[in-house]
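The structure appears right after this line, and notes come after that.
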Amino acid sequence: MSSQLLPQFKAPILAQPFSAIVKASVAVCMLSSSVTYASEQIMFDDFNYINLAQAEENGWMARTETGHPGIKGATWWSEGVSFHPDPLNYSNQVMRISSKTDGTPANTRQTQVCHKRKYHEGTYAARVYFNDKPQYGPDGDGIVETFYAISPLASPMDPAYSEMDFEYLANGGWGEGDHALFATSWETFQLKPWTPVNAYDATRNSLQGWNTLVLQVSENKLRYFINGELFAEHGSEVYPEVAMSINFNLWFIPEQTVQHPEMRQYFQDIDWVYFSKDTVLNTQQVTKKVAVLRENNVAQRDTVPDWSPKHEDYCSL
């Protein structure tokens, strides 16, 4: 390029103050972010709440209806849902679900929290803290710590039923060892006599501490990931047909209750939950999107449309 042409390229740039260039760049970035947010159909919650009433304003509800699963006759209590600083990072807020028992139905409290029944295909993800030991009291109960999506069961063996589970058994159970994480995809079932129609895989490792769970639901495949590693893949025979709610619960396996009269309590923490409609994301992509939301001080966002026709909110079996 000749020296005579250089001023023609420099002059327009130098004519603008540096501050104007910075403002223009920021505006472009903000516009780009706005376009991205508008085009994505996501549900994200960082659980920066003080109490359950605040979470309910954003679509969460606690189960109070008695029934399966867990100890027959146990109470499902809303008091088991609370919000706390992360014990490992006090600048971070988490949702905690707590359940307790002395082995009797009358004194057993189980916890479940649910978000609107409008989720189907896409990517489900959550960062959860599993515990292998009780917060207090004797250890050994069969305890199930979860992240899952589910629809109501209209009748026994209902074919229009959907459920997809991450279930961590801190003290083992269901034929597995001392610790087990189950990935289970359901076609249907009935309670009496117990008749499950599902596909499942299990890994026998302790998952004490923080774990990132990701489930991809797309093209007749369900793919379950734990901390970035694929550990289960299920096919069309158990693929979900209907819209589901997103859930976390903590309950006791009746056949594995320790025969001890002392009360014991377990808890599971949830750092965040994320869903992206009709989009397949891996663990790295999910964590990056969550990081961007947090960097932009987004504590909660829900742009996933209601199912058509809209389903009633659901927090039960």
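Side chains included, hydrogens not; waters and symmetry mates left out as well; all remaining heavy atoms used. As the structure is a computational prediction, the values presented were derived from the model and not from experiment.
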Worksheet entry | Non-neighbouring partners of Arg109 that pass salt bridge (Lys or Arg N to Asp or Glu O under 4.0 Å), sequence neighbours left out | none
Item to complete: Can you run down the ring-ring contact (aromatic ring centres under 6.0 Å, His included) pairs that involve residues 266-287, sequence neighbours left out, and say none if there aren't any?
Response: Tyr119-Phe275, Tyr124-Phe275
In the hydrophobic clustering that connects Ile, Leu, Val, Met, Phe, Trp and Tyr at side-chain heavy-atom distances below 4.5 Å, which members other than [X] occupy its cluster, ordered by chain and number?
X: Trp174; result: Trp76, Val144, Leu169, Phe182, Tyr200, Trp251, Ile253
X: Trp210; result: Leu88, Val94, Tyr129
X: Val214; result: Phe225, Leu230
X: Ile50; result: none

What residues form a side-chain hydrogen bond (donor to acceptor under 3.5 Å, both in side chains) with [X], not counting sequence neighbours?
X: Asp165; result: Trp186
X: Asp302; result: Lys118
X: Glu65; result: Ser316

Discussion item. Using the rule given for side chain to side chain donor-acceptor pair (under 3.5 Å), can you reason through Trp77 versus Thr111, listing the C-alpha separation, both sets of side-chain angles and the distance that settles it, and then say yes or no?
Written reply: CA-CA 6 Å; Trp77 65 332; Thr111 307; 3.0 Å; yes
Let me confirm one number: the [atom1]-[atom2] distance from [X] to [Y], rounded to the nearest 0.5 Å.
X: Asp102; Y: Asn107; atom1: CG; atom2: CG; answer: 4.0 Å
X: Thr287; Y: Arg294; atom1: OG1; atom2: CZ; answer: 11.0 Å
X: Lys277; Y: His120; atom1: NZ; atom2: NE2; answer: 9.5 Å
X: Thr188; Y: Glu241; atom1: OG1; atom2: CD; answer: 9.0 Å

Item to complete: Verify side chain to side chain donor-acceptor pair (under 3.5 Å) between His234 and Asp201, making sure each step is shown before the conclusion.
Response: CA-CA 9 Å; His234 303 150; Asp201 290 272; 2.8 Å; yes
Worksheet item: What about Tyr224 and Phe166, are their ring centers closer than 6.0 Å?
Response: yes
Worksheet entry | Set of residues satisfying side-chain contact (heavy atoms from CB on, under 4.5 Å) with respect to Ala170, sequence neighbours excluded |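 For Ala170, the residues satisfying side-chain contact (heavy atoms from CB on, under 4.5 Å) (neighbours in sequence not counted) are Asp132, Ile143, Glu145, Tyr168.
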Worksheet, complete the sentence: Sorted by chain and number, sequence neighbours left out, side-chain contact (heavy atoms from CB on, under 4.5 Å) with Ser78 holds for Leu52, Ala62
Worksheet item: Is there a side chain to side chain contact (heavy atoms under 4.5 Å, CB included) between Arg117 and Asp313 once you walk through the steps?
Response: CA-CA 6 Å; Arg117 190 184 166 205; Asp313 291 340; over 6 Å; no
Worksheet item: Ile226, Leu215: one ILVMFWY side-chain cluster at the under-4.5 Å cut-off?
Response: yes
Discussion item. Tell me whether the count of non-hydrogen atoms from other residues, nucleotides or ligands lying under 6.0 Å of CD in Gln208 goes above 12.
Written reply: yes
Practice prompt. Kindly indicate, with the supporting measurements, whether the criterion side chain to side chain donor-acceptor pair (under 3.5 Å) is fulfilled by Glu163 and Tyr161.
Written response: CA-CA 7 Å; Glu163 181 180 353; Tyr161 174 74; 2.3 Å; yes
Practice prompt. Compare all side-chain heavy atoms of Ser276 with those of Leu281 and state whether any distance is below 4.5 angstrom.
Written response: yes
Worksheet, complete the sentence: Contacts satisfying disulfide bond (SG atoms under 2.5 Å apart) that involve residues 91-149 (not counting sequence neighbours) are Cys114-Cys315
Discussion item. For the residue pair Asn198 / Thr184, report whether a side-chain donor-acceptor contact shorter than 3.5 Å exists.
Written reply: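 On atom types as modelled, these side chains do not qualify, holding no pair under 3.5 Å.
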